[in-house]
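Each remark here refers to the structure printed beneath this line.
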Amino acid sequence: MDFVVLDTEGKPELSELAIVDSQGRLIYEGFSSDYPNHNKNLPNLKSLKTLLTEFLSLVQGKKIVCHYALHDIEILQSSFRRVGLFCPKLEYECTWEKAKSVWSELESHSLEYLSKHFNLQVNNRYFVRDMAHVARYDAQFTYQLYRQMMIEQLKQKPNPFSASRVDTPFQTHPDYFATYRQEYLTLESILADIKLDSNRQSKGVVVIGEPGTGKTHLMMRLANERLANNRLLFIRQPNHPKAVLHHIYSRILESLVQSVGSATQLDYLIINSFYKILSFRVTSQKDQEIIKALQDKNLDALGAEGTGRRRDYWQHIEKRINEWWAGHYSSGGFALAILKGIVKYCSYTDPRRKDITTRWLAANILSKEEAELVGLPNWGEDLSQEAFSLEAISVLAKLSILDEPLIIVFDQLEGLGLSHNREILLNFGEAIKEIFTHVPNSLIILNMFPDRWEQFQASFDNSIIGRVSQYQIYLRQPDETELEAILRVKLQALDIPLELLFSSEDLEDILGQKPIRGVLNRAADYYNYRVRQIPLASVKENLHKLDSKEQLEQQLRTVQQQQQKLRR
């Protein structure tokens, strides 16, 4: 909430008032011509009614911060009554009350004492008693005190700017939706095109941006907004030239077992697709009961794990799935075995059985005991993991046709451009081509640095480049207004205005950084400096170097903190 700092003088009615905005700037100063003994040549001399009317226009919808607010409220209420104006209900915050709570050990909580105790300054000058009880002067020092108090409360809270990197789309970070809004809407529109396409052909997008511009953050937004409907699969750079497809499929399985609410992505994919398969042809009471459980997303209704009732239901599901698959696709290869494993995974509630089944689905050879526990045949030593992986990805995509398009994100690929990874790079390109050929109903996204994208274009033929780059999205550097909004979003959880935390000089330096991650990293440095008095070691030496006065202030703060600890 926006705020202003107010100070009033006079008794019982208003003599003068001053208002400071949330950035510490004096935005109003006025004197009442109705108050006795005022010099007629005093600037900003106005009738009491005019003062109060202008006061209301400036504080409307804002919190009002005062030091010993009860005094200011009484003066304002008395003044409103005198001129016959209605005094609306306003929100006040009192720095005197707050100081008593935060620094109860101090011997006084007057504005003078607190200003001197914390070495507060206005216009590079410390508090002088002879200047007190002038509305402008007291309002400006109250602002500095309020800022000090708000920052003091942050010392036990985490730095909101330090988590500047999004490592996976499944993380949660504060998000300013106006940044890259059009780029996000483009991705959503491509998803809609895939769903509306009768052939359900997959489409490719290259998202291009310098390091730290927010490519993975954009994928996080896509996950947060779309996981209720779509399944998002996140794949980092492969590291073995002979196992690129297996690496991709293994990362897909890791993504599918990510929780979305009370279930995993794989649970939702299977529940939605199985529901559609069984609904195509309802032949028995058992079909109806299973459909009802799937519709309610309540698989417990099919019986407790280990019971004959549950085994009977899931055997029926497996039979119906196999019939549907045989009627739409080839029954050769690994497809039916993969479907059996998927059915087994969903039929279990025991985490150990689910984990074993997931490893089986990743083509890992189980121990004899594990294979018997989940009721699946072990893979042979001669299994081609690359061929198996491609078919498994294809099976998942074909099931998704009954659900929603898959979102397959390839990220953190920069290492593929290194000379020693040349073979992995070329095999990765071939793997992507295979995926586009055999995997339908998918939005396939490659997050790339500009120079790496140029290298990819030079390394691959048009059969690969044309597929992965049907759409190209370039992430630009946000302007300062957007960057400032991102900082505000990051601060929301701490309930402190940006202007109270950082000075205008701080913000100028912070917002001058590139890219977004650079802005957040610099903000993290300044946060540590303002809140925890950690020197700005990571900031360029020629910027914001501590002068002798700042060094003295830091030393004084240290001495005061040590004194307070000794008193306790």
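None of these values were measured; they are calculated from a predicted model. All heavy atoms count here, side chains included; hydrogens, waters and symmetry mates do not.
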Begin with the C-alpha distance, continue with both residues' side-chain angles, and end with the deciding distance and a verdict on side chain to side chain contact (heavy atoms under 4.5 Å, CB included) for V519 and I486.
-> CA-CA 10 Å; V519 171; I486 291 170; over 6 Å; no
For the atom pair [atom1] ([X]) and [atom2] ([Y]), what is the distance rounded to the nearest 0.5 Å?
X: H109; Y: S104; atom1: NE2; atom2: OG; answer: 6.5 Å
X: Q455; Y: D451; atom1: CD; atom2: CG; answer: 7.5 Å
X: I473; Y: L446; atom1: CD1; atom2: CG; answer: 12.0 Å
X: I64; Y: D72; atom1: CD1; atom2: CG; answer: 9.5 Å
X: L507; Y: E499; atom1: CG; atom2: CD; answer: 7.0 Å

[X] with [Y]: basic N within carboxylate O range, under 4.0 Å:
X: R236; Y: E254; answer: no
X: D403; Y: R231; answer: yes
X: K215; Y: D411; answer: no
X: K514; Y: E210; answer: no
X: K63; Y: E93; answer: yes
X: E16; Y: K46; answer: no

Relative to the ring of F127, is the ring of Y137 parallel (under 30°), tilted (30 to 60°) or perpendicular (over 60°)?
->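 The rings of Y137 and F127 sit tilted, inter-plane angle from 30° to 60°.
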Mutual orientation of the aromatic rings belonging to F161 and Y527 [parallel < 30°, tilted 30-60°, perpendicular > 60°] =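 Rings of F161 and Y527: perpendicular, over 60°.
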Can a donor-acceptor pair be found between the side chains of Y526 and D509 at a distance below 3.5 Å?
->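 Result is yes, a qualifying pair exists.
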Taking atom types as modelled, is there a side-chain donor on S78 or E13 under 3.5 Å from an acceptor on the other?
->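 Looking only at side-chain atoms, E13 and S78 do form a donor-acceptor pair, the distance falling under 3.5 Å.
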Can you name the closest pair of heavy atoms from [X] and [Y] and give their distance?
X: T142; Y: C66; answer: CG2-C, 4.1 Å
X: S22; Y: Y143; answer: O-OH, 3.2 Å
X: K354; Y: T349; answer: CE-CA, 4.4 Å
X: S79; Y: L14; answer: OG-N, 2.8 Å
X: L536; Y: D525; answer: CD2-O, 3.5 Å
X: P88; Y: L56; answer: CG-CD2, 3.6 Å

Around Y68, counting heavy atoms of other residues, nucleotides and ligands shown, do more than 12 lie under 6.0 Å from its OH?
-> no
Is atom CD of Q171 surrounded by more than 12 heavy atoms (other residues, nucleotides or ligands) closer than 6.0 Å?
-> yes
Do the side chains of [Y] and [X] get nearer than 4.5 Å, heavy atoms only?
X: N124; Y: Q121; value: yes
X: L6; Y: F55; value: yes
X: L232; Y: R226; value: no

Got a donor-acceptor contact below 3.5 angstrom from the [X] side chain to the [Y] backbone?
X: H67; Y: Y146; result: no
X: S255; Y: F234; result: yes
X: D21; Y: I27; result: no
X: N230; Y: E404; result: no
X: Q412; Y: D167; result: yes
X: D138; Y: H133; result: yes
X: N159; Y: A524; result: yes
X: Y180; Y: R476; result: yes
X: S469; Y: Q472; result: no
X: T168; Y: F170; result: yes

Using the benzene-type ring in the case of Trp, are the ring centres of Y113 and W103 under 6.0 Å apart?
-> no
Derivation of the salt bridge (charged side-chain N to carboxylate O under 4.0 Å, His left out) call for R530 and D506 = CA-CA 10 Å; R530 294 298 177 194; D506 295 345; 2.8 Å; yes
Side chain to side chain donor-acceptor pair (under 3.5 Å) involving T264 - partner list, sequence neighbours excluded =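 By the side chain to side chain donor-acceptor pair (under 3.5 Å) rule, T264 matches D267.
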Under the salt bridge (Lys or Arg N to Asp or Glu O under 4.0 Å) test, residues paired with R352 that sit two or more places apart |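 Partners of R352 under the salt bridge (Lys or Arg N to Asp or Glu O under 4.0 Å) test: none.
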Sort and list the pairs that fulfil salt bridge (charged side-chain N to carboxylate O under 4.0 Å, His left out) and have at least one residue in residues 172-183, not counting sequence neighbours.
-> D175-R221
